[in-house]
Amino acid sequence: MNNVPDFEQLFASMLQLSKLISQYTQETREERIATVLQFSALNLVKDQHETAISDISKSLQLSKSSATQLIERLVKLGLVKRISDPEDRRIIRLEITKNGDAELHKLRLKLINKMKRVFSKIPAKDIRELIRIHTNLIETLKTEHI
């Protein structure tokens, strides 16, 4: 796959797939409690115990002020809480609340169920191959720091 046209086609298909998945999994305004960024931030807070706003900013590629506003909305929704660092009061850590954990679980299930409808049309063998390819890409990116 060192052929340039192959990479151009791969790049175009990845962009198109990303856009279509985003459109397909988007919820109506009434259904949505958390935006995609809020969902991503909740995932980060849950996965990285007592993370800082700067970690959210870096991981989601947001300015620190945008990350602060994002976290403020999550705090107001009761999905995240701030915890002061006992050794350095300037440092604020974030922790997901029980409501945040429940909301994250609910949103994840909704997205998975929507994706199941799409992938139900794909043979199981192809899905397993796609998972294998994704796993390989993830490991390559983690080890190569591309």
Side-chain angles (χ1 to χ4, degrees), residues 1-83 85 91-146:
M1 191 158 186
N2 292 331
N3 204 345
V4 174
D6 290 340
F7 284 110
E8 288 175 3
Q9 186 177 3
L10 177 62
F11 181 72
S13 70
M14 288 175 73
L15 287 177
Q16 186 177 17
L17 182 61
S18 176
K19 181 180 176 182
L20 289 170
I21 287 173
S22 178
Q23 288 172 351
Y24 188 80
T25 57
Q26 211 167 30
E27 296 182 347
T28 65
R29 190 174 199 86
E30 295 78 32
E31 290 178 311
R32 183 175 52 224
I33 292 176
T35 66
V36 172
L37 272 178
Q38 289 170 337
F39 179 75
S40 298
L42 279 175
N43 266 320
L44 286 169
V45 172
K46 180 177 174 131
D47 291 345
Q48 300 173 10
H49 184 67
E50 293 187 0
T51 190
I53 291 175
S54 59
D55 299 326
I56 301 293
S57 173
K58 184 178 177 184
S59 293
L60 298 180
Q61 299 179 346
L62 297 171
S63 68
K64 189 162 182 182
S65 64
S66 294
T68 300
Q69 291 172 8
L70 171 63
I71 295 305
E72 183 61 31
R73 287 191 297 276
L74 293 175
V75 169
K76 283 182 180 177
L77 289 169
L79 305 177
V80 168
K81 64 181 175 181
R82 292 185 177 97
I83 301 170
D85 189 307
I91 299 173
I92 303 295
R93 302 282 180 207
L94 304 169
E95 189 175 280
I96 195 165
T97 64
K98 287 183 181 181
N99 287 342
D101 199 36
E103 185 61 29
L104 182 62
H105 181 71
K106 202 166 39 172
L107 288 169
R108 182 174 280 145
L109 286 177
K110 280 184 183 180
L111 291 172
I112 288 170
N113 285 330
K114 285 183 176 192
M115 294 308 299
K116 279 182 185 177
R117 288 195 306 258
V118 172
F119 283 99
S120 68
K121 296 168 176 62
I122 309 289
K125 181 183 90 166
D126 290 350
I127 292 172
R128 284 190 298 274
E129 181 65 7
L130 185 59
I131 292 168
R132 185 194 65 74
I133 291 168
H134 280 188
T135 303
N136 191 358
L137 281 169
I138 290 165
E139 290 305 312
T140 300
L141 290 169
K142 280 181 179 178
T143 58
E144 297 294 324
H145 303 289
I146 295 174

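Residue indices begin at 1 and follow the sequence shown.
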Inset, instruction - Test side chain to side chain contact (heavy atoms under 4.5 Å, CB included) on L37 and L62 and set out the steps. - result: CA-CA 10 Å; L37 272 178; L62 297 171; 4.2 Å; yes

**Asked** After noting the C-alpha distance and the side-chain angles of N136 and I133, does the key distance pass the side chain to side chain contact (heavy atoms under 4.5 Å, CB included) rule?
**Response** CA-CA 5 Å; N136 191 358; I133 291 168; 5.6 Å; no

Side chain to side chain contact (heavy atoms under 4.5 Å, CB included) between R108 and N43, worked out = CA-CA 10 Å; R108 182 174 280 145; N43 266 320; 2.4 Å; yes

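Rounding to the nearest 0.5 angstrom, the gap separating the CD1 atom in I131 from the CD1 atom in I138 is 10.5 Å. Taken from CZ in R93 to CD1 in I83, the straight-line distance is 10.0 Å, to the nearest 0.5 Å. Taken from CD in Q61 to OG in S66, the straight-line distance is 12.5 Å, to the nearest 0.5 Å. The CG atom of L60 lies 7.0 Å from the CG atom of L70; values are rounded to the nearest 0.5 Å. Note that the CG atom of L79 and the NZ atom of K46 stand 12.5 Å from one another [nearest 0.5 Å]. A distance of 9.0 Å separates CG of N99 from NZ of K106, quoted to the nearest 0.5 Å.
Closest of all the heavy-atom pairs between T97 and K81 is CG2-N, 3.9 Å. Nearest heavy atom pair, residue L74 against residue A41, reads CD1-CB, 3.8 Å. F39 and L104 get closest at one heavy-atom pair: CE1-CD1, 3.4 Å.
Just one of L107, D101, L109 meets the side chain to side chain contact (heavy atoms under 4.5 Å, CB included) condition when paired with H105; it is L109.
Side-chain contact between K64 and T68: present, with at least one pair of heavy atoms (C-beta onward) separated by less than 4.5 Å. In this structure, Q16 and K19 have side chains that are not in contact, with every pair of non-hydrogen atoms separated by 4.5 Å or more.
Between R82 and E72 a salt bridge is recorded (basic side-chain N to carboxylate O distance below 4.0 Å).
Counting only distance, with no hydrogens or angles, the side chain of D55 and the backbone of A52 share a donor-acceptor pair below 3.5 Å. S57 contributes no side-chain N or O that, together with a main-chain N or O of A67, makes up a donor-acceptor pair within less than 3.5 Å. The main-chain N or O of L94 is never found under 3.5 Å from a side-chain atom of T51 such that the two would form a donor-acceptor pair. Checking side-chain atoms of S59 against main-chain N and O of I56 turns up no donor-acceptor pair under 3.5 Å.
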